[in-house]
Structures are given as structure tokens and as C-alpha cells.
Amino acid sequence: MFNVTGILKRLVIGRAMRSEELRETLLPKRLALPIFASDPLSSVAYATQEILLVLTLGGLAYLHFTPWIAGAVVALMTVVVLSYRQVVHAYPSGGGSFEVASTNLGPSAGLVVAASLLVDYVMTVAVSVASGVDNIISALPGLAHQRVPMALVFVALLAAVNLRGMRESGRAFAAPTYLFIGGVLIMVITGLIRYALGDPPVAESAAYGVTPDPADAHLTGLALLMLVLRAFSSGCTALTGVEAISNGVPAFRKPKSRNAATTLAAMGGLAIAMFVGVTTLALVSKVHITDDSCRLTGLDGDCASYTQRTVIAQIAAAVFGGEHSFGFYFIQAVTALVLILAANTAFNGFPLLSSILAQHRYLPRQLHNRGDRLAFSNGIVALAIVAGLLLWGYRANVTSLIHLYILGVFTSFTLSQLGMVRHWNRELRGTADAATRRRHHTARVINAVGAVVTGLVLLVVLSTKFTEGAWLAVLAAAVLWLTMRAIRRHYDATAAELAVTDPRAELVPPSRVLAIVLVSTLHKPTLRALAYAHAIHADGLEALTVSVDPDATAELRRRWEEYGIDVPLKIVDSPYREITRPVVAYVRAVRRDSPRDIVAVFVPEYVVGHWWENLLHNQSALWLKSRLLFTPGVMVTSVPWQLTSSAHGDRPAARAPGSVRRGEPQAPPQARRR
């Protein structure tokens with residue numbers, strides 16, 4: 001049978017991989033960097049812009065705060081990177097902030113971190129893709145009306161690539177990430193050389209003025225401080241995704257912790273260098289950008305129809321000689337591509353964290369299962385769906401989405417660093433060696449500084465962005481936190497109820513087994529069910545039918561006697577033409593009469609080969625089984641009859657349901673021996 005679905009699946013995902021091939025998916029540092037660090041590296045494309053957008057609310061006069069704000073962001077990035085290097089060495093199992101907080105601060109704190117990160121990963125996909133689409137529109141303004149469809153297509157493509165496995169996604173995304181890094185560094189160096197030689201680049205918006213927003217004009221005192229803090233919190237988007245490496249340590253080649261720490265340091269250094277360079281060129285070239293193009297003064301034509309280019313687009317045009325230069329199009333192309341691919345950080349972090357949470361029974365167990373390509377496929381699909389809905393709901397608008405962003409990141413930063421301080425306190429109590437104690441003291445100081453700084457930033461972000469939309473992220477994280485606790489309670493209650501306390505009592509056989517075969521008409525499936533029921537040698541066997549049509553029931557009885565079937569046929573009247581309720585009532589009555597007996601109900605069913613055939617068959621059987629399963633002491637057995645469409649010889653139907661996978665693949669024996 002020609003299986004179109006299977007062929008399409010293999011074209012998109014590739015061949016299924018054996019469990020022992022998991023070793024081959026481990027990442028070298030050169031592939032781990034674009035996979036886990038594409039988000040913080042790409043954020044330099046919009047972090048500077050977000051600072052300028054806030055400062056220009058008060059007009060051009062407040063742009064002189066930009067270097068100080070950028071310096072604070074750089075200092076914060078340095079502290080966070082140093083702190084997370086401690087995490088990857090102390091907790092190499094891949095739990096990252098969740099494991100640190102859970103181990104040292106308790107399960108509730110760990111769940112706060114997990115909920116915050118899961119929400120933030122969704123926001124990472126939405127903001128990165130929306131920002132990438134913005135840069136495409138900066139180069140091709142005619143696509144402005146296709147913003148949402150483009151964003152949704154990019155999310156679907158990212159999900160498809162990640163379903164092929166982590167190593168393959170790394171190969172696909174490595175080149176664009178390195179081209180972006182190289183392109184930005186060349187642009188920064190070229191711009192700074194021009195500035196040093198007395199020929200500074202000039203942005204296309206340098207000649208425009210900015211009308212202050214009436215609410216933010218002539219700010220002093222506390223109001224001015226709040227504006228600066230808002231700009232700082234927006235610039236902190238440069239730190240998103242830093243924690244992804246600590247969650248992905250198991251994906252690195254050995255030595256895992258050292259390779260992860262090296263990759264983290266490389267990511268931090270590159271991100272800081274590019275962010276500082278872009279911010280410096282934005283000031284040198286006098287980029288003027290606002291949240292509303294009609295606040296720009298000096299425009300020719302209708303301000304409402306004017307599309308402002310992004311900050312990095314204006315810098316590229318100024319540095320490389322205009323909007324038609326090769327350098328401009330190259331920077332726009334690699335920026336748009338890497339911003340879209342930056343969502344890949346979330347497509348790796350979200351499934352990994354979801355898998356760990358599922359392993360700890362805080363999320364459905366299906367999220368812990370690996371798919372055909374040894375990726376956490378269910379987590380990838382879930383992330384794509386939620387992010388796609390968010391992009392559709394917010395019309396892929398970066399300015400609207402950015403307010404929901406980064407709150408979760410700093411929540412996890414703060415709690416994980418507090419947890420690390422407790423970790424080092426515990427290590428110091430159990431260590432007497434002087435050299436080891438000095439190292440632990442140094443690590444504790446780093447994490448303590450990180451906890452204080454990120455905690456202050458969390459308060460700033462919460463106070464400045466809460467009313468602008470961040471409350472939605474807080475609400476989503478709170479709902480997710482409650483949901484995960486409820487899931488854990490359910491799993492714990494189920495495990496406790498199913499736990500074996502007295503094996504001998506559980507193994508006591510029932511007094512008798514009474515078999516009931518459900519009959520609708522006398523045909524081959526009915527006879528097969530009767531034969532199977534005979535084979536179990538039950539203590540009692542009878543057939544049961546529901547009389548809806550007296551003539552049909554009389555014909556069934558006549559044929560039953562004609563064929564000489566030696567099984568008593570019980571007929572239950574149904575004046576209201578119901579089938580399910582009379583059967584369930586009869587089975588329960590049998591059970592009440594013999595409470596120590598087991599009632600085995602055999603249900604003949606057709607097995608069909610096409611989805612539309614399921615609409616024509618087995619609906620009564622489905623409802624009956626669903627009701628009988630809730631009846632204590634009743635065992636339900638489906639007796640299948642394969643129709644011609646369901647199979648050819650011994651080959652199963654091509655349209656049969658897919659495989660169910662469970663748990664982590666085990667290392668092959670030779671790997672375990674090593």
C-alpha cells in the first residue's frame with residue numbers, strides 16, 4: 001500500500017535512528033555554540049534598538065545615557081556568564097537552573113524557575129522570529145503585509161529541522177550564525193576605522209529630530225530614573241538564552257562540563273563585543289529611532305506610511321555605503337536569518353527542560369520520550385504550536401512581544417544563583433583542604449554577586465514592564481507552576497494507589513471467571529469472539545445482545561438455534577433504543593450478584609485500513625468499552641477481525657497508528673563498559 005504520510009515523514013525528519021546511535025548526536029563545541037548560543041548572540045541585533053526606543057520617548061536629549069546603560073548591561077552579562085560557568089561544573093546533569101534551585105532551595109523554588117524558563121523559551125521563539133521578519137521587511141518593505149504568515153512559516157521550518165535531531169540542526173544553523181558573527185564584527189571594525197580616520201558613518205535618520213512623548217518630556221528626578229531603568233530593562237534582552245548551555249550540558253561531547261564552560265565563555269565574549277560595537281556605531285552614526293514614525297521630524301511625505309529601518313540596518317547602510325550596497329544586503333540577510341535561527345536556542349532548551357520535568361513527574365511523561373531522530377519530538381511540537389499562536393495573536397509585533405520577555409530569565413538567574421550560594425556553603429562545611437576552600441569561597445562570591453545583581457534587575461524589570469504587558473508572562477508562569485504541581489500530585493497519587501503492599505493478597509485468584517460475549521448479529525467476528533471465550537475455560541459463558549428491533553432479534557435467535565451454538569443467548573430489551581446503558585446495567589448486575597467473581601466481556605471489532613472506515617464501524621464498541629472500563633471487577637477484551645483493507649498477507653496496515661516510545665535510550669554495552 002502506498003503510504004504518503006510515511007514518505008512525507010521520512011522526507012522531513014529522515015530515517016529513524018537506533019537508541020545506541022545517541023552517542024553520535026553529541027555535539028562538539030563548534031556546533032554547540034550556534035545551537036545553544038544563537039539567542040544571546042543574535043540579541044545584539046535588537047538590544048541596542050530597544051534601549052534607544054525607550055530613551056527617545058523623552059526626545060534626543062536623553063540619548064547621552066546610552067553608553068552608561070550599555071555598560072551596565074555588559075557588566076551584568078559578565079557576572080551572569082561567570083555565575084553559570086560555576087553551574088555547569090557543579091551540576092553537569094543538564095537540569096541547569098531548575099536542578100540548582102530544586103536541590104538547594106526546595107521543589108517549589110525549582111518549579112518557579114522551570115515555569116519561568118518555559119514561558120521565556122516560548123517568548124524567545126516569538127520575539128526572535130518576529131525580529132527576524134522585521135529585518136527582512138527592512139530590506140524588502142513590500143513584504144510588510146505578509147508579516148504574520150512569514151513568521152508562522154519560519155516557526156514551522158524551525159520545528160521541522162529540529163525534529164531531525166540536534167546534531168543536524170547544529171549543522172544547518174552553524175554557517176548562518178558564524179556568518180552573522182563575522183559580518184557584525186567586520187561592520188563594527190569598518191565603522192570604527194572610518195570614525196578614527198575622520199569619516200564617521202552617518203545613519204539615514206541622523207537628520208531627523210524626535211518629538212518627545214508628552215508623558216515623558218522634561219523628566220527630572222524619579223521620573224527620569226524610571227525612564228533610564230526602563231531602557232536598561234529593555235537592553236537586558238541581550239542576556240536571554242544565556243542559561244540554555246547549562247540546561248544542555250549532556251548534549252556536549254566529553255569532557256562535558258569543561259566543553260560547556262568553554263562554549264559559555266566564548267558566547268559571552270562574542271556577545272559583549274558585538275553589543276558594544278553595535279551600540280557605539282549607533283551613537284557615532286546618530287541613529288534616531290522611535291516607537292511611532294510620526295514622532296520623527298523632518299520627514300518627507302506621509303509619516304504614517306514611512307517604515308523605519310532597524311538600528312542594525314541603518315548602521316549597515318551607513319558603514320557600507322548605502323541601502324543598495326552588498327554589505328547592507330549581506331548584514332540584513334544574515335541578521336534576519338540568525339534572528340530566526342535564534343529561536344533554535346529555545347527549540348533545544350524547551351524540549352530538554354520539559355524532558356527533565358517530565359522525568360520528575362511535573363509534566364506529562366510523553367515529553368520525556370525521544371522520537372525517530374532521538375530528539376524530544378513532543379516538546380518541539382508543543383513549543384512550535386504555542387509560539388505560533390502567540391505570533392498570530394500579537395501580529396508578530398516585536399514591540400508588543402518584547403514586554404512579555406526577559407522576566408522569566410531573571411527569575412531563573414536570581415534563584416539559581418541563590419541556590420549556588422547554598423551549594424557552596426554546604427561544600428565548605430564538608431571540606432577541610434585549604435586550596436579547595438579558597439576555590440569554593442571564590443565561587444561563592446561570584447554566585448552571591450550574581451544573585452544580588454540579577455535580583456535587583458528582576459525588580460527593575462518587574463516594576464518597569466509589569467503594566468506594559470509583563471503581567472501576562474507572570475500570570476502564564478503562575479498558571480504553569482500550579483499545573484505542574486497538580487500533575488505531580490496526580491502522578492504521586494497514582495503511584496501510591498498502584499504500589500504493591502502485599503504481593504500475596506494481590507495474587508489471590510478470583511473465585512470464578514464469568515465470560516460474556518457481546519453480540520449484535522451472527523457473523524464471523526461473533527464466532528471468533530465465542531471461540532476465544534471458550535479457549536479461556538471460564539467458569540461460565542454466555543452471549544448478550546440488546547433487542548432494539550424485535551424482528552432482527554427474532555432472526556438472530558432463529559439463526560443461533562439453527563447453527564446449534566451451545567452458548568446461552570441472553571436478550572436485554574431496550575425500549576428507548578439504547579445499546580450502551582442496557583449492556584452496562586446487565587454486566588453490573590452480574591457483578592453485584594457475584595462480587596468475588598471476575599466478569600470478562602469480549603467485544604468483537606472490525607480492524608479497518610482507512611481513516612474514513614473508522615467513521616463507519618466500531619462506534620458502538622468504542623462507547624461500550626469506555627463505559628465498561630469504569631466498572632470494578634470487569635475485564636474488557638477486544639477480539640479483532642481484520643477486514644481486507646487493513647492488511648495484505650502478514651504486512652500490517654500502512655495507515656495503522658504510529659509507534660509509542662518510552663523513556664531514554666540506553667547506552668550500548670560497549671559504551672557502558674567504557
Side-chain angles (χ1 to χ4, degrees), residues 39-60 62-74 76-77 120 123-124 126-135 137-138 184 203 205 210 213 216 226-242 271-272 274-283 285 287-293 295 308-315 335-336 338-339 342-343 394 396-410 457-458 460-470 473:
D39 181 22
L41 290 176
S42 67
S43 64
V44 301
Y46 54 81
T48 300
Q49 176 171 308
E50 293 305 317
I51 294 173
L52 298 180
L53 282 171
V54 175
L55 291 178
T56 53
L57 290 172
L60 298 179
Y62 298 114
L63 290 182
H64 70 276
F65 287 109
T66 304
W68 300 101
I69 294 172
V73 172
V74 168
L76 181 61
M77 172 76 83
D120 199 73
M123 295 308 308
T124 295
V127 171
S128 297
V129 171
S131 185
V133 170
D134 265 1
N135 277 272
I137 293 172
S138 291
V184 170
S205 60
V210 175
D213 188 291
D216 295 291
M226 289 303 297
L227 179 72
V228 173
L229 290 177
R230 282 170 62 191
F232 171 68
S233 64
S234 294
C236 286
T237 53
L239 277 76
T240 56
V242 171
I272 288 172
M274 291 192 293
F275 173 70
V276 170
V278 169
T279 304
T280 302
L281 287 182
L283 295 175
S285 61
V287 173
H288 297 159
I289 189 168
T290 67
D291 59 342
D292 181 3
S293 58
R295 289 180 46 232
Q308 298 181 84
R309 285 194 171 94
T310 60
V311 167
I312 199 165
Q314 293 191 45
I315 293 173
T335 299
V338 82
L339 280 169
Y394 280 85
N397 186 286
V398 177
T399 304
S400 300
L401 291 167
I402 205 76
H403 297 307
L404 308 179
Y405 206 19
I406 77 174
L407 193 62
V409 169
F410 281 97
V457 175
L458 175 61
V460 170
V461 172
L462 191 60
S463 62
T464 57
K465 289 186 175 292
F466 189 82
T467 57
E468 296 180 354

Should Val242 and Met77 be marked as a side chain to side chain contact (heavy atoms under 4.5 Å, CB included) after you check the CA-CA gap, both sets of side-chain angles, and the distance that decides it? CA-CA 9 Å; Val242 171; Met77 172 76 83; 4.1 Å; yes
For a quick test of reading the model, state the closest non-hydrogen atom pair linking [X] to [Y] and the distance between them.
X: Ala70; Y: Phe275; result: O-CE2, 3.6 Å
X: Pro40; Y: Ala271; result: O-CB, 4.1 Å
X: Ala130; Y: Ala396; result: CB-O, 3.4 Å
X: Gly235; Y: Val73; result: O-CG1, 3.8 Å
X: Ala282; Y: Val311; result: CB-CG1, 4.1 Å
X: Ile272; Y: Val74; result: CG2-CG1, 3.7 Å

Kindly indicate whether the side chain of [X], heavy atoms from C-beta on, has any atom under 4.5 Å from the side chain of [Y].
X: Tyr62; Y: Val54; value: no
X: Cys236; Y: Val457; value: yes
X: His64; Y: Leu55; value: no
X: Leu227; Y: Phe65; value: no
X: Ile69; Y: Val228; value: yes

Any chance you could lay out the side chain to side chain donor-acceptor pair (under 3.5 Å) test for Gln314 and Ser205, step after step, and finish with the verdict? CA-CA 8 Å; Gln314 293 191 45; Ser205 60; 2.5 Å; yes
Nearest 0.5 Å, what's the [atom1]-[atom2] distance between [X] and [Y]?
X: Met274; Y: Thr48; atom1: CE; atom2: OG1; value: 11.0 Å
X: Gln49; Y: Ser234; atom1: CD; atom2: OG; value: 11.0 Å
X: Ile312; Y: Thr335; atom1: CD1; atom2: OG1; value: 4.0 Å
X: Leu53; Y: Arg230; atom1: CG; atom2: CZ; value: 11.0 Å
X: Thr279; Y: Ile51; atom1: OG1; atom2: CD1; value: 5.5 Å
X: Phe232; Y: Glu50; atom1: CZ; atom2: CD; value: 14.5 Å

Before giving the answer on side chain to side chain contact (heavy atoms under 4.5 Å, CB included), spell out for Val338 and Leu41 the whole-Å C-alpha distance, their side-chain angles and the decisive distance to 0.1 Å. CA-CA 9 Å; Val338 82; Leu41 290 176; over 6 Å; no
Please lay out, stage by stage, how Ile289 and Arg309 fare under the test side chain to side chain contact (heavy atoms under 4.5 Å, CB included). CA-CA 8 Å; Ile289 189 168; Arg309 285 194 171 94; over 6 Å; no
I'd like to know if the side chain of Thr56 pairs up with that of Thr290 as donor and acceptor (distance under 3.5 Å, no hydrogens or angles considered). no
